[in-house]
Each structure stands twice: as C-alpha cells, then as structure tokens.
Protein chains: 2
Amino acid sequence: MVSIKDVARHAETSFKTVSRVINGDQRVNPATRERVSEAIRALGYRPHSGARMMRSNQSRIIGFLSDRVTTQPHSGDILRGAQQMADAHGRLLMLFNIDADAGDDHRRRAFELLMEQRVDGLLYACDYHREVTLPLEMQQLPSLLVNGFSTTTALPALVPDERLAAQQATRLLLAEGHRHIAFLAPNPRSVATPLRVTGFHDALLEAGIEPSSMPVITACVGTPGGEEEYLVESAMAQLMTAETPPTAILCGQDRIALQLYLVLARRGLGPGRDLAVVSFDDQQPISGALTPSLTTMALPHLEMGRQAMKLLLDGNAPSGTTSIPFSTVLGQSHRHG
Amino acid sequence: MVSIKDVARHAETSFKTVSRVINGDQRVNPATRERVSEAIRALGYRPHSGARMMRSNQSRIIGFLSDRVTTQPHSGDILRGAQQMADAHGRLLMLFNIDADAGDDHRRRAFELLMEQRVDGLLYACDYHREVTLPLEMQQLPSLLVNGFSTTTALPALVPDERLAAQQATRLLLAEGHRHIAFLAPNPRSVATPLRVTGFHDALLEAGIEPSSMPVITACVGTPGGEEEYLVESAMAQLMTAETPPTAILCGQDRIALQLYLVLARRGLGPGRDLAVVSFDDQQPISGALTPSLTTMALPHLEMGRQAMKLLLDGNAPSGTTSIPFSTVLGQSHRHG
DNA sequence: AGTGGCCGTGACAACGTTGTCACAATCATT
DNA sequence: AATGATTGTGACAACGTTGTCACGGCCACT
C-alpha cells in the first residue's frame, strides 16, 4: 500500500510536507502543493486511518449499537438518519446489531468491541419506543439513546412525542367536525399507549369534550415487537352497535388501521367516506398501499437519527429525555363523511 | 488510555509478553499469563485497533455499502444477516448508506472513505432486486454484490431466486387442486417480474396446463422502489366476470395481496375460503397483520446477508450471479375454498 | 560432561501518521 | 544595514502494536 513517504519521493519533497498538504496546512508553497497533489493522484494514495487514529487519538468513527433496529422494519430510518448526519460531519458509522435473543453479555461484548475501535461516540437505538437497561460503561464516552429511555443511567435520550402526536391526530378529526371519536388503542404493554391515550384526551378537553365519554378500546394484545394479535373486528362490532356510533376512528397504529380497512370493507363502508380514519406510525408497506390513502402520524425515526447524531457530535445533548414531534402525513382517510 | 506498556509495568514483565498473552501465544508461563490477565482486568486495558491495524496490515472490518437498503423497510435484513455472520467471524461492520438522490460521485466518495479505513472486504447491498452500475474500483478488493447484479463488473453476486419461488408458490396452489390460477403480476419495470412469470409458467407446464390459458395481469405500475400505483380493483373485476373465474390468485407481492384482501372484503369474499391467495416477499407489517394469515414466499434477505458475508470471508464466492431460494411461509390464505 | 533443542522472555525495529522543534530563506521593520 | 518576523521546509520523536531476532535456562540426549 502506498504511503505518505512514497508520495514524498514522487513529489521530491519531505514526507512532512505531504502531510501538510493532506491536512490543508496553508503554509505550503502553491507550487509544492500542486506537485504533491499530483503525486497523490498519480499513486492513488489513501491516508491510513489506523495510523492517523494512533497519532491523533481519535477515530472519527461513531458506534451505532442497534437493539434490533433492523428487525422491526420501519425503525431502520433511525440508522439512515444517523448515517446521513455522520457523513455530513465527516464521520463514519460502525454498526453492531444486537438481536432479540441476545443476552446482556452479548451487549457488553458489542460495547467492548466498539471501544476497541476507539469510537468517538456511541448511539444506542431501539427498534421501538421502550425502556432499556444499558451497560453502565456507556457513560465512559459520549453516548446517546435513541427511541428508548433508561432509568438506570443518566444518558440523554430521544423519543417520539407520543402524546403530542395523539393530540394532533385528534385535533385533525375535531377540525373536520367530528364529535364522536373512538380510539382503537395499541398494545397496552407498549409505553406509547398511555401517552397516546393522554394526547387523545388532551385534544378532547381542548374541544370541551368530556374524555370519558369517548370510547378507548384495546385493539392489539400480545408482546410488543413480537407476536401480536388484533381485535379490531370485535371492537368495531361493539362500537357500531352502540347508541351513538363514532363517526371517526383513531387507530393506535397502522396495523390496526389495516385491520380496520378490512373490517369496513366487509361492512361495505369506506374509510374517509363513511367513517374518518387517522392512524399512527406511517409504516410504509401499509400506508403506501392502502386506498384511500391513510392519514397517519409518521414516527420521526429519520429525524431522531439525524438529531441524535447531531447532538452527539456537537456535544450539547440536553440531559434527560427529549421528545421529538411526529410529522403529519395527510391522506384521504380522515376526511369528513 | 491504558496501553500494553502500562499492563507490562503492572504485571512486572515486558510489554512483548503482554502482547503474547493477548494474542494467545502458547509459549508463556502460566503464572506469568495469569499475572498479565489480572493486570489487564485491573487496568481495564483494551487493545488499540488502530495500532494493530498498522502492524498487521488488516483491519478486520468489512465495509457495507448499502444502496438505500434502509430505505425499503424489509431489506434491512440483509444488513442484519451480514452483521450476524461478520460477528461470528470476529469482524466488524462499517456502514455507509447511499440515498436515492445521491449521484455516482457520492458513491465513489463512500467507497473511498471505506478504503481509507482499510476494510478487508466490501459488501454492496441493494434495497430491491435490480441492476446496478458499480464503481470499477470495487474490484481492487474482495467484494460481493447482494440483492442486485452488475453487467459492467464481474463481481460475484447473490440474488433471490425469483423464478423458483414463483414455481413453488404455484405448485402450492396446484397441490390444493386449483386449476384456474391468475397471476396479479408486480411492476413490469422490476427485474423480478419476468422471472416470477416464468416460474409461474414452469409450474403450470409441470402440471400439464397450458400457460397461456392462465391470465397474467399487471397489478402494479410506477417506479420500482418509488411511487407505485395498484390496479387490483380493476384486475379483479376483469377476472371475476370472465367465463371461468380463477379459484386461486397468485399475488406478485404482498402489497398486491393487501389490496386483494380489501377488494375481496368489499365483495364479501374471504381469502382462503372463497378464493385461495398466495403472495411474495413476506413484508412483515403486511403479512403479520392480515387475517386470515397470508401464505407468502419470503424474500431470503437475512439468508443472503449471511451467505454473502460468509462467502466474502471464506474467499470462495463463485463468480457470476448465484440465486438464493425463498422460504415458504404457510398461512391460511392458500387453502382450498 | 558436553551438545543440541526447546521454552520463556526481552530488546529492537517497524508500521504510517502528526506534533514539536529547528533551520534557512525571504520579507518588513527600525 | 542590522534586526525581527514570517514563510516554507525538514529532522526527529512519538503513538501502540506485532514481527524478528537473540539470549539465558532447562531438559534430554550422546
């Protein structure tokens, strides 16, 4: 492999001067600089990151510990956002994925391997919004938690603003004139669920509606991130036979919305025509395939990834947990019937 | 940061002996070895990958160039599989994602950055099965293409066996006794489409059915991997009013199956009851949420990732393009009505 | 007892880079 | 014209590790 000394020989100068050119040092004669640049091109020289790392004592690498991020389809955007921002700051990403069945020692080993790479910082990303127990060693270097929170460490964390998203989604339906809105709530074992219910209620209160008068029905049970079962059929049967059936349904997640579309189709009802539907998450395979197009609150995965990396690199992450707003994807399904 | 010399001082030996212990050299007195191990633990020593890299002239890092892999939800499993296998072989993964809007120079820069890291090998993964033009420089080091193929370079490549999957899916329906099967074909601009049609026809021929007697209708148009539109409603209208309507539908992808479920629901028909349905891809958000459960041919993303990494590390990748079989996910939807 | 081989250990150089210091040449200042 | 500052350049050490070589001590042979 061609080194800085080979370049120096070719450009007939000292290897130190070559180093200066590479690092953009101004105090180099333009003519010399040109000779050196030419030699670099001619020889196809590439700086050796290992040597640089040793001298400068920093790697310009950020570790990305992904807690099953690639398992759940849509959260991969966290990774994408982080990578975008890392690249914009001239950093590289070293990825280590931890699978569901992995124990605590596996995670510790992953951490250890990244430390051996002398990563300048560490992002720990979860597949879905939940609590995690982190290796305490993570506090040894600049670290940030994405899409999760930890009560055992004081690391800064970024999570989606579930409450606000629910509030905004509900406002959307209220603005269309709906006064009878049901919430098909997601898995009660998910941390997002109570927050989304709160947001739902907050919006109702704003509009002067008594929250307890609006039905909240659990439409998904099972293990979050694992095997889940949907109860949309029975929930809708219950709702539609009530004294005052809802004119709008807030679905706790896109999978529930998908089920709802099917139930409505079987009943000859059209979303956005006979019944307004708004959902959460914006899981592309679903939201991109449903017709009429689904109005959904998109999880800010990309944005969380970007922000997390930015905060990490700027070194000014606020301690504690920061909530990132969802973005609203307007489809046809929330329209008034 | 604590170095090998600090450990040596603490263990009262030479730093060379410490190096031997770290690298598992057998010719070290057990007592000394124990003293050194103890010192390593006590001081929290971690080998410096940069220094090792420089001496040994290899990084034990594999570059992963992802051509929008994290954009399309389900293909992230390629990354996951590659990481699993890399870890099993004591390698780390350096990730670089190229976004859709990025030009050729962006890709070349990504390659250059990975080369500066002195990666020992390179995986180039595509978000969906398609042709790519690769930077020719990739032939400078062991590289492998995953989920795509290149006609401009001779790099080994792994792709899903679309033809076989379609053949197997069709056999499944034939085994249930169906003799009138329609294929709702995916995007004609996708490379998978003609291969899946061929597999469909191969299975029909095996069963002694004239392929041209079975309808193949395009049910998805637009830009593959981008904005797509589905034509399932009209396709089904056409099929169900035909002289001999099909008793089974082969859906070219899960998104089409999702649409089909909706169309059938509106017509009061049940998949797996009134009409058999088999699909492709196993996009979890869809296949995991549909009821009755969808029988679908799962894209071998995880397996391709694992195999690609294994072939790369073993250094015996067969030249040319290798097809990897799908796996069959049996649900209820393919049952006989 | 003398010879050869093995075992455990250490001295030293080298990998490719950057930081520190120094030096000569040029320029601006007194 | 002498002095000081600046500019361009190079010599050298150092980062943390591993490969090469060599050395002393012990054992098993002749």
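Chain identifiers are assigned alphabetically (A, B, ...) following the order of the sequence lines, protein sequences preceding nucleic acid strands; residue numbering begins at 1 within each chain. Atom set for the values below is all heavy atoms of this structure, side chains included, hydrogens, waters and symmetry mates excluded.
Among the nucleotides dT17(D), dG10(C), dG16(C), the one closest to any side-chain atom of M54(A) is dG16(C). Of the candidate nucleotides dG10(C), dT17(D), dT17(C), dT17(D) has the atom nearest to the side chain of R55(B).
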Take M115(B) and E137(B) through the side-chain contact (heavy atoms from CB on, under 4.5 Å) test and state the conclusion after the steps. CA-CA 10 Å; M115(B) 286 302 282; E137(B) 298 93 322; over 6 Å; no

Test log, rule side-chain hydrogen bond (donor to acceptor under 3.5 Å, both in side chains), inputs T153(B) and Q139(B): CA-CA 8 Å; T153(B) 61; Q139(B) 300 179 79; 5.3 Å; no

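Atom-to-atom, CD of Q58(B) to P of dG16(C) comes out at 15 Å; the value is rounded to the nearest Å. Taking atom CZ of residue R118(B) and atom C1' of nucleotide dT17(C), one finds them 11 Å apart after rounding to whole Å. Between the P atom of dC15(D) and the CG atom of N57(A) lies a distance of 10 Å, rounded to the nearest Å. Nucleotide dG16(C) holds its P atom 19 Å from the CZ atom of R52(B), rounded to whole Å. What separates CE of M53(B) from C1' of dG16(C) is a distance of 11 Å, to the nearest Å. We find that NE2 of H48(A) is positioned 13 Å from C1' of dA14(C), with the value rounded to whole Å. Summarising the geometry, the separation between CG on D6(A) and C1' on dC15(C) is reported as 13 Å, rounded to the nearest angstrom. Atom pair I4(B):CD1 and dG19(D):P shows a separation of 11 Å (rounding to whole Å applied).
At a cut-off of 3.5 Å, with distance as the only test, no side-chain donor of S59(B) or Q117(B) sits close to an acceptor on the other residue. Counting only N and O atoms by type, the side chains of S75(B) and D127(B) include no donor and acceptor under 3.5 Å apart.
When atom types are taken as modelled, the side chain of S49(B) and the backbone of E116(A) share a donor-acceptor pair closer than 3.5 angstrom. Judged by distance alone, the side chain of D314(A) and the main-chain N or O of N316(A) form no donor-acceptor pair under 3.5 Å.
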Every protein N/O lying under 3.5 Å from an N/O of nucleotides 20-29 of chain C:
none

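Of the two residues near DNA chain C, F15(A) and T13(B), the one whose nearest nucleotide lies more 5' is T13(B).
The side chain of S19(B) contributes no N or O atom lying less than 4.0 Å from OP1 or OP2 of dG16(D). Remark: S56(B) is not in phosphate contact with dG19(D), judged by side-chain N or O atoms under 4.0 Å from OP1 or OP2.
If you check every strand for non-hydrogen atoms under 4.0 Å, T17(A) touches sugar and phosphate atoms only.
Atom CG in D87(A) sits 10.5 Å away from atom CE in M85(A) (nearest 0.5 Å).
L65(A) has its side chain within reach of L122(A): a pair of non-hydrogen atoms, C-beta onward, lies under 4.5 Å apart.
Residues of residues 22-36 of chain A having a heavy atom closer than 4.0 Å to DNA chain D, listed by number: R27(A), V28(A), N29(A), T32(A).
Enclosure of atom CZ in R41(A) by more than 12 non-hydrogen atoms of other residues, nucleotides or ligands within 6.0 angstrom is indicated.
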